Amino acid sequence: MKRIRRTQRPTGDRPRLDPHAAAPTETAPEDDGTASVSAAPAELSSAAPGSTGRRRISPHAKGSPESGTDRKRVNPHGTAPPEAVAAPRKRVDPHAARPDREGVSPHPEASSEAASGRKRVNPHAAQPEAESNAGATRPRRFDPSKSQASGRTRIDRSALQPDAEAVVETRRRVSPHGTAPVRAARRNPAEDVVRIEAPKGVILVASFADEPWSEAEAELLGAARGLADSQADTAVLLVRFDQVAAACDAASNGVDRLISLMADGRPDRAAAVLADLVEQYQPRHLVFADAPVDGDIARRLAAILGERPATAVQRLRGGEVTCRTDGGRQDMTRPIPRMVLLASGTGEPLQSAPRREARVLPAPTVSEGDLIDLGPEPMDPSAVPLDQARFIVSAGDGVTDWQGFHDLAQALPAAIGGSRQVCDAGHLPRSRQVGASGTLVTARCYLAIGISGAPQHLQGVARCRHIVAVNTDLHAAMVKRADLAIIADAQEVMPELRALAQARRHG
Amino acid sequence: MSPADAAALELALRLDPAPMALHLGPPDSPALRDFLGMGLASMTVVEGIGPEADVLPVLEALMREAAPQVILMGERTEAGECSGMLPYLLARALGRPLLPQAISLEREGARTIAVRQLPGGSRQRIAADGPVLVTAATQGIKPRQSAFGPARRGRIETQIVQAPEDTDRLSWTLSPARQRPPRLRASSNEAAGPGAPLTGLNPREAAEQIHEFLLSRGILPP
C-alpha cells in the first residue's frame, strides 16, 4: 500500500527537516555546514510558546484557510491522485544497488531500482581520491566543505519531549583529514535528565549539617527513591539544613526538588520550618536519619504533626517497616507510617541511577522558636573524649618532642591519643590510650605519629575512616595499614604541619 | 537501673537536693532502691500501668497537677517501643520547650541553661525561659553512686491510676532482633586503599602532603 504523505509546508514558515525525504531538497536551505542546522530540530523540542513561531494547526479543522499553508488532508484510504502530494516520497529498496553509488555495490547482481536522492557511500570501497595521507585504507568520510548536498543530517529525536533540554545535535561524518573542524556532536546519554513537572506525591527527606554516619544522606535518598517509585509521579524533595558543603550530589541520587536553608543548629526552628513545608507540600512520607541531631528534630516534628514515627528502622520493604525495640532485643514489624527514622545501613544509596532534576526551590522563612542559643561551649578540642572524637592525632614511641605534639594537637585541632607504650611511660593519661585495652575509636581521621602498629593498636583503629601515618620505619604495620604513609622523622614533620595548620586558620 | 534514668536523676540532684522523683511501673522493682540510694528521701511510684499501656495521658495529668519548673527525663526507655517520642509528646502537650541531650544544667532566675552534647564531642549552650522539659544525655554524665543507707531508708509512696491501652501497637508483630549483615559498600575514589608510602620528602613537603590529604577529605575545613 502506497503511503501518502502530507504535503510539506513552505520551508520559510517552519523549516522541518525530514530524515526520510530526499536529502538535497530538504537540507539544502539550511545546510551550510554550521551550527544553524541544529536550530531547526531544536524548534521541535522546545515547548516554549511563541519562541519559535511554530504555528499549531488543528488537524481536525476542516479546510481551515490558514494562509501560508498548503497542507491538504489526504485520505489515506482513498484513491487520491498522486498530484495531490507535492513531494512524492519514493520508496527505495535499501538493499538494491543504486546507480549513483560511488563505491562497489555489495549486491552487484541486484537490479538497480529507481534512484533516490540519497547518496549512499560505501565506506569499504576503494578510495579513488585518497587524501594526503599515507597508508590510506581509511573509509572515506563525507567532507561537508566539499559536497554540500551529500551530507546526511541525522537528527536524534529521542530527546524530543516537552521541556527537554535542547541537546539535539546533528551528527556529521567529518573527515578527520579534511579542513572542516571536527565537531564533538555525539549526545551523551548520561546527560538525560528525568524530570517531573507536576508530581502527584512528594517524599520529603531532611538532612543536617554533620552527616551522622558516612553516606547517610545518600542512604536516605536511596530509601526515598524506593518509596517514590512505588507510585507514579512522585517526586523526592530534599531539605538540607546548615550544610556548607553538600554531603552528596543531589541530582545523581534521585532528588527532584531541593531546598537549602540555614537554621543555625536550632532544632526548634528547624522543626517549625519543616512543619511549614509539610503543610505546603503534603508529602506522603518523611524520611530522616535516627541520629542525635536528626532524630531530635524529627521527633519534634512528629509531635507537632501528631504523627507516630517508626524509629530505628532496620528494614523498609513492601509497605512495612521493621523497627528495633525493647532496648535492642526485639524487632517490631508494622505497616509503614508517614514518618520513618532510618538506622544506619538501612537505605541503599542509588547506584548509577538516571540523573534527576534537583530543581532548587526557594527557602521558606525561618520563624523564631522557643529556645535560646547561647553559642558553643568553649572546650579544649584536644580533650574531647576519644570515643566521640572526629579527628585524632596519636603519639607512639617515635615521638620525643612532647611539647611539639601537644602544640600540633592544639593547632589542627585534634583530639589527643596515644599508644599503650606512651601511656605506660606516663606521657599521656590512660584515658587517652587507643587500642584493644584502651579505647576503640571511630574517628573520621586518625593521624598516627611514630606508632609502629601493634595488632592491638590496629584493632583499636579498625573503624577509622582515614589513617595517616608518619614513621621512620618503612615496614611498620601502621605504615602498611595507612591510607597515606610518610616516611620521615616525626619531630621534623610535626612543627611544619603545625605551621601549615595555623596559617590556614589565621591566614 | 537504666543509665538514662540515672543520668536524669543526677542532673536533678545537682539542681535540687530534694527533687520529686516519679516512677511509672511496678513498685517492687529492685532498681527503685538504687534510685533512692543516690540521695532521695522519697519517691512516688505510679501503679496500674500495664506493659502495653500508653503512659502519656497519665504523665500529662500528673505534671499538670504538680507543675514543676523543670521536668527531667531520660532520652528513651529500655523496654517497650523505645521510640524516644515520650519527652517530645509530653513537652508538646504541656506547651514547654524541650532542651535535648543535656549534660549539665543550671538556672538563672526563670531561665534554664543546658549544655547539649553534640556528636563529635562539641557542646552547645542552649536555654529556655519559663517551665521546661530537659532530656539528659545518656553518655557524658557520671551519675553518683548509690549508697546502701539512703537506699534502705527511702520511702516509696504509691499512687494508682488507670492507663489506657496502646491499641495501635497490638497489631504489630514482634520477633527477636536480627543483626543485618553489613552491606558491602562500593569503594569510592577516595577510599581506593592504601597507596605506596612516600619516602624521600623533606619535612616541609611531608607536612604539605598531609595537609593536602586532610583538606581533600574534609577533615580540616577549607
Side-chain angles (χ1 to χ4, degrees), chain A residues 210 212 245 265 267-268 292-293 295-296 299-300 302-304 308-309 311 314 324-334 345 351 370-377 379 384-385 388-391 415 444-445 466 468 474 479-488 492-493 496-497 500-501 504, chain B residues 77-85 88-89 91-92 97-101 111 113 115 118-129 168 171-178 180 182-183 185-186 191 193-195 197-201 203-204 206-211 213-214 217-220:
Chain A
D210 270 332
D268 49 336
V293 170
D296 171 49
R299 289 180 176 87
R300 285 173 196 265
I304 293 173
R308 184 163 184 169
T311 58
Q314 310 287 320
R324 184 129 305 156
T325 59
D326 205 25
R329 293 182 289 255
Q330 295 207 298
D331 279 347
M332 188 155 64
T333 306
R334 61 184 274 202
Q351 304 283 350
D370 53 6
L371 295 182
I372 304 158
D373 185 12
L374 298 176
E377 166 102 331
M379 55 176 295
V384 167
Q388 293 166 22
R390 289 239 164 90
F391 182 17
R444 294 241 169 97
C445 182
H466 305 291
V468 181
L474 180 57
V479 166
K480 289 201 188 71
R481 168 74 176 84
D483 296 313
L484 173 66
I486 309 257
I487 308 301
E492 291 173 7
V493 174
E496 295 287 345
L497 187 56
L500 282 174
R504 183 191 51 82
Chain B
T77 59
E78 284 189 331
E81 193 187 347
C82 304
S83 65
M85 279 300 295
Y88 296 88
L89 292 170
R92 181 97 186 144
L98 192 149
L99 302 176
Q101 292 140 16
R111 178 173 287 195
I113 303 168
V115 173
L118 289 173
S122 55
R123 296 177 184 171
Q124 185 195 11
R125 283 165 64 88
I126 46 174
D129 290 329
D168 292 339
S171 56
W172 300 349
T173 52
L174 283 172
S175 57
R178 210 160 53 103
R180 294 164 301 166
R183 189 196 315 136
R185 292 170 195 266
L198 303 176
T199 58
L201 299 175
R204 175 83 189 174
E208 275 167 10
Q209 285 287 328
I210 300 176
H211 195 232
F213 182 92
L214 296 174
R217 303 297 190 266
I219 314 293
L220 294 178

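Computation of the quantities below employed the complete heavy-atom set of this structure, encompassing side-chain atoms and omitting hydrogens, waters and symmetry-equivalent molecules. From a predicted model like this one, the values you see are computed outputs, not experimental measurements.
The candidate from A207(B), P176(B), A206(B) with the greatest count of non-hydrogen atom pairs under 4.5 Å with chain A is A207(B). Among D268(A), V384(A), I487(A), the residue with the largest count of heavy-atom pairs under 4.5 Å with chain B is I487(A). Among the candidates S171(B), A128(B), P197(B), the residue making the largest number of heavy-atom pairs closer than 4.5 Å to chain A is P197(B). Heavy-atom pairs under 4.5 Å with chain A peak, among S122(B), G200(B), A79(B), A91(B), at A79(B). With chain A as the partner, the residue from E81(B), E78(B), R111(B) showing the most heavy-atom pairs under 4.5 Å is E81(B).
At a 4.5 Å heavy-atom cutoff, the contact between M332(A) and chain B is made by backbone and side-chain atoms alike. Both the backbone and the side chain of L98(B) come within less than 4.5 Å of a heavy atom in chain A. With a 4.5 Å cut-off on non-hydrogen atoms, V468(A) touches chain B through its side chain but not through its backbone. For a residue to count as touching a neighbouring chain, one of its non-hydrogen atoms must lie under 4.5 Å from one of that chain's; by this rule R204(B) touches chain A with backbone and side chain alike. Heavy atoms of T311(A) lying under 4.5 Å from chain B belong exclusively to its side chain. Proximity to chain B is limited to the side chain of P267(A), based on heavy atoms less than 4.5 angstrom apart. Contact annotation for R504(A): only side-chain heavy atoms (C-beta onward) come within less than 4.5 Å of a heavy atom of chain B. With a 4.5 Å cut-off on non-hydrogen atoms, V293(A) touches chain B through its backbone and its side chain both. Of the two parts of R178(B), the backbone and the side chain both hold a non-hydrogen atom closer than 4.5 Å to a non-hydrogen atom of chain A. Proximity to chain A involves both the backbone and the side chain of Q209(B), based on heavy atoms less than 4.5 angstrom apart. At a 4.5 Å heavy-atom cutoff, the contact between D296(A) and chain B is made by backbone and side-chain atoms alike.
No cation-pi contact links R92(B) to Y88(B), judged by a cut-off of 6.0 Å to the six-membered ring centre and 45° from its axis.
With rounding to the nearest 0.5 angstrom, the CG atom of L371(A) is 9.0 Å from the CD atom of Q124(B). From C82(B), atom SG reaches atom CD of Q330(A) across 10.0 Å, with rounding to the nearest 0.5 Å. Atom CE of M379(A) sits about 4.5 Å away from atom CZ of R123(B), to the nearest 0.5 Å. One finds the CG atom of L484(A) at 8.5 Å from the CG atom of L214(B) (value rounded to the nearest 0.5 Å).
Between P100(B) and R300(A) there is a side-chain heavy-atom pair separated by less than 4.5 Å. Here the side chains of L220(B) and C445(A) are not in contact, with every heavy-atom distance at 4.5 Å or above. R308(A) places none of its side-chain heavy atoms less than 4.5 Å from the side chain of M85(B). Counting only heavy atoms from C-beta outward, the side chains of L201(B) and V493(A) never approach each other to under 4.5 Å.
Under a 4.0 Å N-O distance rule, the pair D210(A)/R390(A) qualifies as a salt bridge.
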